[in-house]
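See structure below.
Note that ligands are numbered from 1 as they come in the structure, with each ligand's atoms numbered from 1 the same way.
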Amino acid sequence: MHGKKDYVSLQLDNESSSSTFSPISSIRRRWKRSTSYQKKLLFLFLLLTMAVLLIQHSRGAESKDQHVAAKAVKRKPVKFEKAEQPVYDEADAAVAHHALDRLDDEKKNVLSELEDRIKEDINVLQRPGKRKNPKLIARFGKKEEKMQVEAVNLGDGDGGNNVDVVVNLPAPVVKPEPKPKIPAPDTKFPHTEQNERQKFVVDVFLHAWKGYKETAWGHDHAHPISRTYDDWFGVGLTLLDALDTMYIMGLQQEYFAARDWIANTMDFNKDIDVNLFECTIRVLGSMLSAYHLTKDEIYKVKAIDIGERLLPALSRSVSAVPYSDVNLKTGNTHAPKWGPDSTVSEVTTIQIEFRDLSFITGNPKYKDAVDRVSTHIASLNGKKDGLIPMWVNANTGLFRPGGTLTVGARADSYYEYLLKQWIQTGQTETHYLTEYLAAIEGIQKHLVGHSLPNGFTYVGELIGGVTPSAKMDHLACFLPGTLALGSTLISSSHPREAMEHLQLAKDLTATCHQMYATPTGLSPEITYFNLNQAAKDDLIVKPLDRHNLLRPETVESLFYLWRITKDTKYRDWGWDIVQAFERYTKVPAAGYTSIKNVMDPNFPNPFDKMESFFLGETLKYLFLLFSDDDKLIPLDSWVFNTEAHPLPIHASAAVS
Ligand code: DMJ
């Protein structure tokens with residue numbers, strides 16, 4: 001009877017029919033009746049079932065981990081249904097932690113960081129009052145911060161209702177596209193054969209340019225010995241002053257490199273105070289000249305830019321006299337730092353440039369602004385036979401009483417611009433000629449003298465307007481050139497004056513040439529003339545005046561005298577001067593330097609500075625002096641501003 005049955009089914013069937021059924025005791029009874037083979041089988045079955053269940057549970061947990069991680073990685077964008085109910089909640093965090101235990105360390109770190117960020121975002125979004133989180137700003141940048149703030153605001157504005165708030169992760173860093181360069185138009189360069197002397201000057205220029213390029217590119221001045229630079233206005237003064245010289249010399253490669261910097265890099269928007277006069281004659285003058293020579297529109301744009309920035313010095317003055325200084329960015333103006341007054345040369349040597357700006361723009365406001373100054377100065381009391389005192393006050397509009405009368409520093413180019421404005425306006429604004437003729441008469445009467453024992457003609461000063469001084473700045477050596485130029489234009493209307501002026505021009509040029517008769521062959525900054533019978537030297541150089549700043553005035557006059565008289569001695573004198581520059585101011589590596597002592601050829605004592613006007617004026621006038629072609633910047637079509645930037649002569653003063 002107790003045959004072998006399937007031990008599970010048989011036993012269970014029997015037990016299930018019992019009225020006193022108890023599952024536990026039934027299992028126990030069956031277990032006792034089971035053979036050891038049946039027990040082993042059952043044990044194995046239970047073991048397998050548990051294993052299957054465990055594996056399934058493990059897979060379920062893993063997929064939940066993956067779900068959380070995926071949510072974190074896919075947060076682009078993360079959508080928060082409501083700020084109060086972020087997708088990422090505490091339960092998720094617990095599951096994530098559990099899952100993290102099973103991941104390798106690297107993944108843990110990544111997920112842990114993501115988890116922190118998610119929590120931080122939740123915090124931000126749950127703090128409606130707080131709009132700026134520095135960590136977020138640092139991470140996302142300003143733009144993203146704004147987006148975050150906007151997102152929070154959206155949430156706030158909706159009173160916590162279901163509003164999708166989108167938080168973006170930082171955009172990938174995109175390298176800004178380089179700005180397209182402003183290309184140079186076709187530019188015609190003057191083409192004339194260069195003679196040996198001109199080639200020499202070009203080599204001097206290239207050596208100077210090398211010094212600037214290597215040590216000071218884009219800055220105002222090169223210091224060629226220390227191979228450093230300085231910034232006076234911070235606008236690349238040397239490059240600007242040199243621009244039309246390169247054009248005139250036909251240095252195309254150098255010209256285009258400079259043009260490229262001007263077009264694409266130069267920036268006048270500088271929080272820096274500049275001197276109205278210096279910035280006008282060098283920067284505005286350079287841009288205008290380059291515009292007229294090349295017809296390249298970029299220079300017109302730059303000329304307007306700098307002109308507008310300088311204009312407040314005139315328009316903000318309480319009088320008709322401009323302030324000496326103006327801030328290029330703010331337009332703030334002030335008198336010079338060292339005193340209350342502007343110099344008379346400064347306020348009267350901006351007119352050619354601003355008038356030309358009106359010509360090229362058709363806007364009379366620039367010309368009107370500078371005409372107001374000229375009219376005012378012309379009307380002022382305090383002149384002496386056409387000579388003006390050297391200081392004028394921008395607040396009162398008056399000359400400082402007792403100012404020195406001179407054609408040197410602080411007054412020089414007032415006289416130059418009287419003639420040149422008349423020329424620039426096609427000889428139509430005749431009041432300038434009248435003032436000019438009166439001034440030259442005053443110079444002849446009060447300032448011209450003759451030294452002893454050789455009778456060199458000099459133009460001195462009246463200290464305080466009364467006391468004669470036989471002192472002549474090198475700066476005053478511009479005067480013979482101006483006189484010679486004027487003489488050719490007044491020969492029919494004022495023949496006597498024309499002859500006298502030309503003679504004075506020749507005499508003064510000879511004197512300026514004498515100033516270079518020093519042991520170095522270079523002129524000092526200031527020369528005194530002997531008036532004492534007993535002394536044997538006509539020219540006296542005081543210790544403090546022995547420096548030479550590579551100034552142009554003498555070679556400028558040599559250029560005019562050559563063009564007008566065709567006397568070759570002027571070219572020879574110029575040749576001597578450039579040789580002396582070469583010998584005593586050349587820095588072997590590159591560049592030229594001002595020197596402190598023209599009297600000592602063994603120790604000229606360099607200043608270590610190359611002035612912008614050496615390239616803008618000195619070398620330009622030397623090159624033109626040696627040119628066999630008078631049509632290279634012909635004097636009947638062009639007028640040089642005081643920084644040697646040629647501007648066109650207009651047939652009429654009227655602005656179209
Ligand atoms: C230049 O800037 C100008 O020529 C100005 O009129 C006077 N001084 C310097 C050069 O010496």
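At a heavy-atom distance under 4.0 Å, only side-chain atoms of P552, from C-beta outward, approach ligand 1. No part of E611 comes within 4.0 Å of ligand 1, judged by heavy-atom distances. Neither the backbone nor the side chain of E416 has a heavy atom within less than 4.0 Å of ligand 1.
Inspection of the E308 and Y366 side chains reveals an N or O donor paired with an N or O acceptor under 3.5 Å. Under 3.5 Å, the side chains of D538 and Q514 contain no donor-acceptor pair of N or O atoms. Side chains of Y417 and Q351: no donor on one and acceptor on the other come within 3.5 Å.
For the pair K420 and E416, the salt-bridge criterion is met [side-chain N within less than 4.0 Å of a carboxylate O].
Between E553, E556, E643, it is E553 that holds the heavy atom closest to atom 10 (C) of ligand 1.
Judged by the 6.0 Å and 45° rule, K542 forms a cation-pi pair with Y528.
Here F581 and Y592 keep their ring centres 6.0 angstrom or further from each other.
The distance criterion of under 3.5 Å between nitrogen or oxygen atoms is met by R551 with respect to ligand 1.
Protein heavy atom at the shortest distance from atom 5 (C) of ligand 1 is T642 OG1, 3.9 Å. In this structure, atom 7 (C) of ligand 1 lies nearest to the protein heavy atom L475 CD2, 3.8 Å.
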